[in-house]
**Q** 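The structure that follows is given in the form of structure tokens.
All heavy atoms count here, side chains included; hydrogens, waters and symmetry mates do not.
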Amino acid sequence: MLSRVSVAIFRTAPAARKTKEILHSPWIQQANSLSTTSRCSILQGLLGALSVRNNSSEQIFDIQTPYKLHRLDESPNTTATLTHDEALHYYREMQTIRRLETAAGNLYKEKHIRGFCHLYSGQEACAVGIINAVKRDDAIITSYRAHGWTYLRGVSPLGVLAELTGKKAGCSEGKGGSMHTYGENFYGGNGIVGGQTPLGTGIAFAMKYQGKDNLCVTLYGDGAANQGQLFESFNLAKLWDLPVIYVVENNGYGMGTSTDRSAASSDYYTRGDYIPGIWVDGMDVLGVREATRFAADHCRSGRGPILLECVTYRYSGHSMSDPGTSYRTREEIQDVRKKRDPITGFKERILSSELVTPEEVKAIDVEVKKEIDLAATKAKTEAEVNLSSLYTHVHSQIPPGMKVRGADAFTYGSPE
Amino acid sequence: MGSARIPGQLLFHANKLLFGRNAWGTAASTCLVAKKSSTLAYQPDISPAEFGETTRMNLFQSLTSAMDIVLQDDPTSVVFGEDVAFGGVFRCTVGLKEKYGKDRVFNTPLSEQGIVGFGIGIAVAGATAVAEIQFADYIFPAFDQLVNEAAKYRYRSGDLFNVGKLTIRSPCGAVGHGGLYHSQMPESFFVHAPGLKVVIPRGPIQAKGLLLSCIRDQNPCIFLEPKILYRSAVEEVPVGDYVLPLGKAEVIMEGSDVTLLGWGTQVHVLRQVADLAHDKLNISCELIDLRTILPWDSATVIESVKKTGRLLVSHEAPITGGFGAEIASTIQEECFLHLEAPVQRVCGYDTPFPHVYEAFYLPDKWRCFEALKKMINY
């Protein structure tokens, strides 16, 4: 049982830091190199001494689904160390994305959202695993399924939802909409299937050229994996050994066409040919994190690009206009929800290992719901964007006297 | 190349989205689209008696009918694109795979440049290729293939080879809430590539006859389908085979004071402008549907403008470099002494297609009406 003292340790920041220091002591480092069983017993012994018997503040988990490797001699860690705070943090991030997408779906159905709207529900472990394995100043670029990434890169839920509803408070001032959201070192939100892949390659080049110890995570889907631009990107990246992690989020369907109907090889992690690749279970946030850490080390050590295939699933259709049930069965979706859901699976692991308490998880659920509900309400009532938004930001440094033709003065609408 | 077994149920319901139903295909509130549709006010065309028996069809059904005829009559013909074996996201190819087999009606990967290049290969080898690019906004990865390969194959080979058997179909235009990448009208990009034909229908009868012409025409054709019309444009369409001429505009309403020229959805906007002009100003408008953008029927337009002395041309695409500019230039050259006022262009603004304020961006009937008044009072 958890003592009151230990609760206090977890809930107060200075004490938590202290616990962290203890847990990063040589004892724990040594424990990490031992077998899982030994580690657990050492940890328990150690934590028992801290009056934290069952609710240890760090746990080691096996990566349950083995990685597959392409042109790699070494593998990412087959275990993952997770602290109490990390566990709650990942859980909160995944749960926030899930709720954010549910809210977006509802706003769309209520016709508050224009443009198209692609939801990320089911794929949360990919984003959360990756974001927690790269540095804040590393770059990220993805496709139009971008809401969750935007949130993870520092935009508030309101900033995301208000962008979808075309309001001033949106992260792109309401001008981009669902497919075009941006954040800190997050280069968006791109509308054309596969169009972002050469961009990510160029961003990685810029990182290298400027001598930064940074990389670019360039995401695309299994549908985009068949676009020619991707193969041009691969060649450039390997030719110049650019620090880019190509991540294919394989959710099984490129719009309405399943991978086996569209891909000559659905082993996407091998399709970079001369680029090393890793296959990882994209429903396991810890596996994704470990694989990404490995990939990031690969890039930062100057060995050039690497490809990461995260096998995942999207619960919704391709976009809101696709019910998502005509090219796959409802049973298939239900089955994934039941057996592979990234949030439920993670929650069960951190609870059963007693790394966190049910109360802590419940508290996050309540807070997240409240936060997203509030954001969704505000996203409907925030101020509209100004009419001038129609014609600002078309060009930069407009020469004196130049007009965005027809738009700035609304000449056609003015009676003479 | 064929697609695997498919479920019998409908694939996507993008069309339902666009026409005011919710994502699950059930009838729902129609506020945005109702607004757009009321602006649209589709007026059915009457089928000429010589085209024979008719049945009620909307625009996507008339396209299915055209492709059905081609697949029936031309054993070399194939229809392909993203999700088309399932019927396509706008339902234009429903039932064709079941009827003609998966070797002739098939899905492709998401690979626009590949789709068009592949179509060029099919066509140059003598088979009939009808390819779909799922939205006109996605056609740009294939721009190189269309402009550099399809358009020039005949010319550069001294007519030894050609891709006349290629037709690219693609949904285009505004729907009320499509945003930046599901709303664009790209016709003017392609009219700068001699060798292509570019065609845009205004309704179901036109769509079927013009698509059949495009497919049979011995030049590569880009057939842009205003997607807001897929369901909202309904009329009695001939069930049999018929063609409508390419490169020929159609005078839809005769008039004496102003010529109104447009294509696709904009024809219906201009029809309302003509009504406004008649009711409020007692002005008689001549309404012309250009139908084929390249090569365009300058003779019909010139003849009309010589009669009326005024031309208003209107399109959804941005004004600068839009096809209206080409028309205005030709008209000032050919009709200079007949003009009572400068040619007016009422178009989309020179901005990306906006996420919000679409209604301000579009050249609606009021903006057109203001321009018309300006011409009258010049």
**Q** In terms of heavy-atom pairs under 4.5 Å, which option from B:H355, B:Q113, B:E112 contacts chain A the most?
**A** B:H355
**Q** Which bit of A:H180 is near chain B, if near means a heavy-atom gap under 4.5 Å: side chain, backbone, both or neither?
**A** side chain
**Q** Name the region of B:P318, side chain, backbone, both or neither, that has any atom closer than 4.5 Å to a heavy atom of chain A.
**A** neither
**Q** Would you say the side-chain atoms of B:Y357 and A:E384 include a donor-acceptor pair closer than 3.5 Å?
**A** no
**Q** Please tell me whether B:Y349 and B:F360 form a close aromatic pair, meaning their ring centres lie under 6.0 Å apart.
**A** no
**Q** Is it the side chain or the backbone of B:E82 that comes within 4.5 Å of chain A heavy atoms, both, or neither?
**A** side chain
**Q** Any side-chain donor-acceptor pair under 3.5 Å between A:N250 and A:T312?
**A** no
**Q** Is A:S258 in contact with chain B via its backbone, its side chain, both, or neither, using a 4.5 Å heavy-atom distance?
**A** neither
**Q** Exactly one of B:F90, B:F353, B:Y181 should register a ring pair (Phe, Tyr, Trp, His ring centres under 6.0 Å) with B:F135. Which one does?
**A** B:F90
**Q** Ignoring hydrogens and geometry beyond distance, is a side-chain donor-acceptor pair present between A:T181 and A:H147 at under 3.5 Å?
**A** no
**Q** If I measure from the heavy atoms of chain B, does A:L230 come under 4.5 Å with its side chain, its backbone, both, or neither?
**A** neither
**Q** Which bit of A:V385 is near chain B, if near means a heavy-atom gap under 4.5 Å: side chain, backbone, both or neither?
**A** both
**Q** Before we go on, tell me: are the rings of A:H318 and A:F116 under 6.0 Å apart, centre to centre?
**A** no
**Q** Please classify the contact between A:N386 and chain B as side chain, backbone, both or neither, with a heavy-atom cut-off of under 4.5 Å.
**A** backbone
